[in-house]
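Residue numbers start from 1 in every chain, and the chains themselves are labelled A, B, ... in the order their sequence lines are given, proteins ahead of strands. Predicted, not measured: the structure shown is a model, and the values here were computed from it.
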Amino acid sequence: MPELPEVETTRRGIAPHVEGREIVEVIVRQGRLRVPVPDDFVDRLVGSRIGPLARRAKYLLIPLRPAETDTPGGRREDAGAAGVEVPSSGTLLWHLGMSGSLRIARLGELPKKHDHIDLVFDDGGLLRYHDPRRFGFVDWLAGGVEQDPRLARLGPEPLSDPFDGERLYRLSRGRRMAVKPFLMDNEVVVGVGNIYAAEALFLAGIDPRRAAGRISLERYERLAAAVREVLAAAITQGGTTLRDFVSGTGEPGYFKQRLNVYGRHGQACRRCGGELRLVTLGQRASVFCIECQH
DNA sequence: ATTTGACCCTGCATGC
DNA sequence: TGCATGCAGGGTCAAA
């Protein structure tokens with residue numbers, strides 16, 4: 001489900017409902033995700049207050065600090081006596097995998113199948129994680145987020161300045177792999193998954209099977225512009241809902257209507273009318289127009 | 001060093 | 001109707 005636009009849509013949707021809230025209860029119904037939910041997850045979170053949400057690649061970052069302390073490193077007076085752990089500052093690293101979604105619900109709304117985790121807030125709202133395939137995960141980071149090995153090696157954000165055609169050109173020299181899996185490599189650029197890689201290559205007129213190392217700088221500049229264009233448009237549309245993606249407030253995304261190639265093999269190219277072809281690249285379905293993409 | 005394949009898991013569409 | 005098969009938005013790891 002979620003590529004960058006869907007994670008960004010989720011972040012924007014849930015932020016107004018979670019930022020500044022205190023977590024008063026955490027319910028883990030199914031902790032066996034791709035990374036198992038840590039044993040001390042509940043203890044660490046209860047009593048924390050949520051700071052401004054961020055996103056890095058397809059990761060949602062949720063900063064937490066102790067709700068009752070005003071000074072960094074301070075201690076709650078009665079904590080020791082009561083034997084209650086005082087939560088410490090940290091960040092939740094949340095990945096939605098293939099089928100995960102986060103949405104806002106109210107206390108009393110019954111969980112459905114595959115609603116694995118609830119964070120319950122002091123205002124009666126809650127953040128509910130749903131993930132049928134359980135390829136997603138949530139982890140708690142104590143230290144610097146950028147030092148985490150999962151984030152340390154990531155390439156630039158596609159909507160940031162360091163991502164451009166020159167970078168694609170430079171990193172692709174000598175690479176024989178097809179350009180589509182190259183574009184989906186998170187060390188090259190983050191957040192470009194199977195849907196938007198196919199769409200960007202169509203917009204740029206590049207055959208997804210072409211060797212990455214045999215594409216000119218000029219064409220990579222077109223590709224970088226196409227990546228930015230398609231991701232920005234998808235964010236504006238609230239992401240792409242293929243099956244069950246919903247924003248943080250339960251709305252589907254409307255970008256599906258704008259897809260030119262993804263999921264349309266056998267249908268007519270919107271530009272030339274030819275039949276769209278399906279090939280497999282890097283074990284991922286790849287649809288393209290043999291007339292419009294070279 | 002680069003690239004490929006298996007794997008994590010459930011649900012759905014398809015074909016027999 | 002049931003059953004087997006293949007495929008799905010992602011990422012990691014081992015092996016070639």
*What does nucleotides 11-16 of chain C look like as a protein-contact string, B for base, S for sugar-phosphate only, - for none, at under 4.0 angstrom between heavy atoms?*
SS----

_Pairwise P distance for C:dC7 and B:dG5, with rounding to whole Å_ = 14 Å

*Pairwise P distance, B:dA1 and C:dG11 [rounded to whole Å]*: 23 Å

_Just checking A:Arg29: does its CZ atom have more than 12 heavy atoms from other residues, nucleotides or ligands closer to it than 6.0 angstrom?_
yes

*Can you find a donor-acceptor N/O pair under 3.5 angstrom joining the side chain of A:Glu6 to the base of C:dG9?*
no

*Quick one: look up who B:dT10 pairs with, Watson-Crick or G-U, both distances under 3.5 Å, and put none if it's unpaired.*
C:dA8

*Opposite nucleotide pairing with B:dT4, Watson-Crick or G-U, both atom distances under 3.5 Å*: C:dA14

Figure out the [atom1]/[atom2] separation between [X] and [N], and round it to whole Å.
{"X": "A:Arg153", "N": "B:dT2", "atom1": "CZ", "atom2": "C1'", "result": "13 Å"}
{"X": "A:Met98", "N": "C:dG6", "atom1": "CE", "atom2": "C1'", "result": "13 Å"}
{"X": "A:Gln30", "N": "B:dC9", "atom1": "CD", "atom2": "P", "result": "10 Å"}
{"X": "A:Arg176", "N": "B:dT4", "atom1": "CZ", "atom2": "P", "result": "9 Å"}
{"X": "A:Met177", "N": "B:dA1", "atom1": "CE", "atom2": "C1'", "result": "13 Å"}
{"X": "A:Arg264", "N": "C:dG9", "atom1": "CZ", "atom2": "C1'", "result": "18 Å"}
{"X": "A:Asp131", "N": "B:dC8", "atom1": "CG", "atom2": "C1'", "result": "11 Å"}
{"X": "A:Leu33", "N": "B:dC7", "atom1": "CG", "atom2": "C1'", "result": "16 Å"}

Is the shortest side-chain N to carboxylate O distance from [X] to [Y] below 4.0 Å?
{"X": "A:Asp122", "Y": "A:Arg21", "result": "yes"}
{"X": "A:Lys58", "Y": "A:Glu6", "result": "no"}
{"X": "A:Glu109", "Y": "A:Arg106", "result": "no"}
{"X": "A:Arg222", "Y": "A:Glu218", "result": "no"}

Below the 4.0 Å mark, does [N] have OP1 or OP2 next to a side-chain nitrogen or oxygen of [X]?
{"X": "A:Lys113", "N": "B:dG11", "result": "yes"}
{"X": "A:His114", "N": "B:dC9", "result": "no"}
{"X": "A:Arg175", "N": "B:dT3", "result": "yes"}

Sequence neighbours left out, cut at 3.5 Å: what donor-acceptor pairs do the side chains of residues 258-274 of chain A make with other protein atoms?
unit_1   : atom_1 : unit_2   : atom_2 : d
A:Arg264 : NH1    : A:Asn260 : O      : 2.9
A:Arg264 : NH1    : A:Ala268 : O      : 3.2
A:Arg264 : NH2    : A:Ala268 : O      : 3.0
A:Arg270 : NE     : A:Leu259 : O      : 3.1
A:Arg270 : NH2    : A:Leu259 : O      : 2.7

_Closest contact, heavy atoms only, A:Arg176 versus A:Ala211_ = O-CB, 3.7 Å

*Please assess A:Phe137 against A:Trp94 for the test ring pair (Phe, Tyr, Trp, His ring centres under 6.0 Å), listing each intermediate value before the final yes or no.*
CA-CA 6 Å; A:Phe137 69 88; A:Trp94 215 316; 9.6 Å; no

*By centroid distance (under 5.5 Å) and plane angle (under 30°), are A:Phe135 and B:dC9 in a stacked arrangement?*
no

*Map A:Arg133 and A:Gly174 onto DNA chain B by nearest heavy atom, then report which one ends up closer to the 5' terminus.*
A:Gly174

